[in-house]
Trainee: 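First the structure, then my questions, so here it is.
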Amino acid sequence: MPTARSARWPISGREIRRRGAGAGLALVLALAAASCVATGPDAGPGPDLPDGPAARALDLTGELRTHDPALLAGADGEAWLVFSTGDERVGNGAIQVRTSPDGLDWADAGTLWTAATEPAWVRDAVPGVTNFWAPEVYEHDGTHYLYYTASTFGSNRSAIGLLTNAALDPADPASGWVDHGEVLRSAPGEDNFNAIDPAIVEDADGTPWMAFGSYWGGIHLVQLAWPSGKPADPQAPPQQIASRIGAPNAIEAPALIHRDGWFYLLVSRDACCRGSDSTYNMAVGRSRAVTGPYVDRAGVAMTSDGGEPLLATRDDMIGPGGESVSGGHLAFHYYDAAAGGDFRLAIRELAWDADGWPIATTADEQAADADDR
């Protein structure tokens, strides 16, 4: 059963998701803390460990069978939420929801809709949909905007839809959502992009932007408008901001961060959704402008296969990707070799180095890498 973030190339294979302006102070404090070496297990230097910034891996328990997580991290004492790719056997493939009181212990909270209440327009727009993929959740002016993907494997006949919720209740996260229909669509033979994997960020002026895309043309960007959450100019062509060199252009699942005057573009590269054979990995570039150019440390543009390595396979954690960022935390899925390649949720508190680059590896992982050199 396909549980994937995107429509892959035939056969082969998100900004801080901000809690809105009202949570700006809490977000700034969280990022300030993350800019230092994190504390706790696997968090920082100790005997025989590197002396430098390192991420902290949260020790998760509970219901973790999650693909393409869109994280909404709670402030102190608040619940955490994860929205994720649906399962065709549950709720007609609707977006799934999981909740946690502390970001550590996770429970299943059902789906955003049922077969009877799913958005009515989707199956006419994208025939053959079996489940809905790769959501993004973003808060603006007290309203939560949830973007999701309708597509099928091996095709760029895809659409991004939008739901909003004016009073999201973590105790009942599936209630209160209003369908606003299609945001963006792509079609074979017409568009050199794929309308999947949405990610939202606001620029310094508060203008929203959406990154999206995959193998067809790489990652693209369009300007949105509040309060609709839809394209400011529906006729404006999307702008490419990241691409691999040559076929099959295996890049997708963008996430966007706006921090200290920089925009950071996180992407997943290579092959997803193959269990223990997956080769997914994460990379990042940055730009002073939301429209790019995004470059890595060496100055190589992400439109020319640039990208600073962020996180990759190690030990039983196979193919990490499908990422989102909220409250200084990076959420992603990986394939657990110890569980036969089944997928799992992981969350890490990001660290930031002195040059302003995010660090997703833990101190133990950095020490192991040093030992291998």
Side-chain angles (χ1 to χ4, degrees), residues 14-32 34-35 69-75 78 81 83 134-149 160-168 178 180 183-184 195 197-213 219-234 236 238-242 253-267 284-294 302 323-331 350 352 356 358:
R14 130 172 3 163
E15 177 233 315
I16 289 156
R17 279 172 167 67
R18 293 175 43 191
R19 299 186 53 81
L25 178 58
L27 182 58
V28 169
L29 293 174
L31 288 174
S35 68
L71 176 66
L72 193 61
E78 294 182 348
L81 293 169
F83 302 86
E136 158 78 316
V137 61
Y138 191 93
E139 184 185 26
H140 171 75
D141 198 22
T143 294
H144 285 84
Y145 292 72
L146 189 138
Y147 298 81
Y148 61 92
T149 298
I160 293 171
L162 173 63
L163 304 171
T164 64
N165 195 322
L168 178 59
V178 177
H180 294 277
V183 176
L184 189 71
D197 293 7
I200 309 299
V201 72
E202 287 184 65
D203 63 21
D205 296 326
T207 301
W209 299 79
M210 180 175 74
F212 65 93
I219 307 302
H220 287 74
L221 187 75
V222 295
Q223 182 179 339
L224 305 181
W226 299 131
S228 72
K230 293 188 175 184
D233 179 0
Q239 174 185 341
Q240 186 191 71
I241 57 173
L256 289 166
I257 301 172
H258 187 196
R259 180 182 188 272
D260 289 348
W262 290 99
F263 292 91
Y264 295 83
L265 173 62
L266 284 63
V267 296
V284 61
R286 70 182 185 182
S287 172
R288 287 294 187 184
V290 66
T291 53
Y294 290 88
M302 292 187 75
E323 65 279 352
S324 66
V325 183
S326 177
H329 290 81
L330 172 72
L350 287 171
W352 297 81

Trainee: Tyr145: what forms a ring pair (Phe, Tyr, Trp, His ring centres under 6.0 Å) with it, not counting sequence neighbours?
Mentor: Trp226
Trainee: Compare all side-chain heavy atoms of Leu266 with those of Leu330 and state whether any distance is below 4.5 angstrom.
Mentor: yes
Trainee: At what distance, to the nearest 0.5 angstrom, does OH of Tyr147 lie from OH of Tyr138?
Mentor: 9.5 Å
Trainee: Does the side chain of Leu224 come within less than 4.5 Å of Ile200's, by heavy atoms?
Mentor: yes
Trainee: Which atoms form the tightest heavy-atom contact between Thr291 and Gln239, and what is the distance?
Mentor: O-NE2, 2.8 Å
Trainee: Decide side chain to side chain contact (heavy atoms under 4.5 Å, CB included) for Met210 and Leu184; before the verdict, give the C-alpha distance in whole Å, the side-chain angles of both, and the deciding distance to 0.1 Å.
Mentor: CA-CA 10 Å; Met210 180 175 74; Leu184 189 71; 4.1 Å; yes
Trainee: Search all heavy atoms of Met302 against all heavy atoms of Val267 and return the closest pair with its distance.
Mentor: CE-CG2, 3.8 Å
Trainee: Test of understanding: with ring pair (Phe, Tyr, Trp, His ring centres under 6.0 Å), list the residues that count as partners of His180, not counting sequence neighbours.
Mentor: none
Trainee: Please give me the minimum heavy-atom distance between Leu265 and Pro254, naming the atom from each residue.
Mentor: CD1-CB, 3.9 Å
Trainee: Could you pull out the closest heavy-atom pair between Leu71 and Ser326, with the gap in Å?
Mentor: O-CB, 3.2 Å
Trainee: Kindly compute the distance separating CD (Gln223) from CG (Asp203), expressed to the nearest 0.5 Å.
Mentor: 7.5 Å
Trainee: Return the CD to CG distance between Glu323 and Asp197, rounded to the nearest 0.5 Å.
Mentor: 9.0 Å
Trainee: Just to verify, what does Phe263 make a ring pair (Phe, Tyr, Trp, His ring centres under 6.0 Å) with, not counting sequence neighbours?
Mentor: His258
Trainee: Work out which heavy atom in Tyr264 is nearest to a heavy atom in Trp352; give both atom names and the distance.
Mentor: CZ-CZ3, 3.6 Å
Trainee: I'd like to check Ile241 versus Trp209 (side-chain heavy atoms, cut-off strictly below 4.5 Å). Are they in contact?
Mentor: no
Trainee: Holding to side chain to side chain contact (heavy atoms under 4.5 Å, CB included), I want the full list of residues that pass it with Ala166, two or more places apart in sequence or in another chain.
Mentor: Thr143
Trainee: Tell me every residue that passes side chain to side chain contact (heavy atoms under 4.5 Å, CB included) with Asp233, counting only those two or more places apart in sequence or in another chain.
Mentor: Gln235, Ala236
Trainee: With a 4.5 Å limit on heavy-atom distance, are the side chains of Phe212 and Val222 in contact?
Mentor: yes
Trainee: Keeping Asp205 on the side-chain end and Thr207 on the backbone end, is there a donor-acceptor pair under 3.5 Å?
Mentor: no
Trainee: Between Ser324 and Ala70, what is the shortest heavy-atom contact and its length?
Mentor: OG-CA, 3.6 Å
Trainee: If you define the side chain from C-beta out and look only at heavy atoms, does anything of Asn165 sit under 4.5 Å from Leu146?
Mentor: no
Trainee: Evaluate the side-chain proximity of Leu81 to Leu168: yes if any heavy-atom separation is below 4.5 Å, no if none is.
Mentor: yes
Trainee: Looking at Arg259 and Pro358, would you say the former's side chain and the latter's main chain have a donor-acceptor pair under 3.5 Å?
Mentor: no
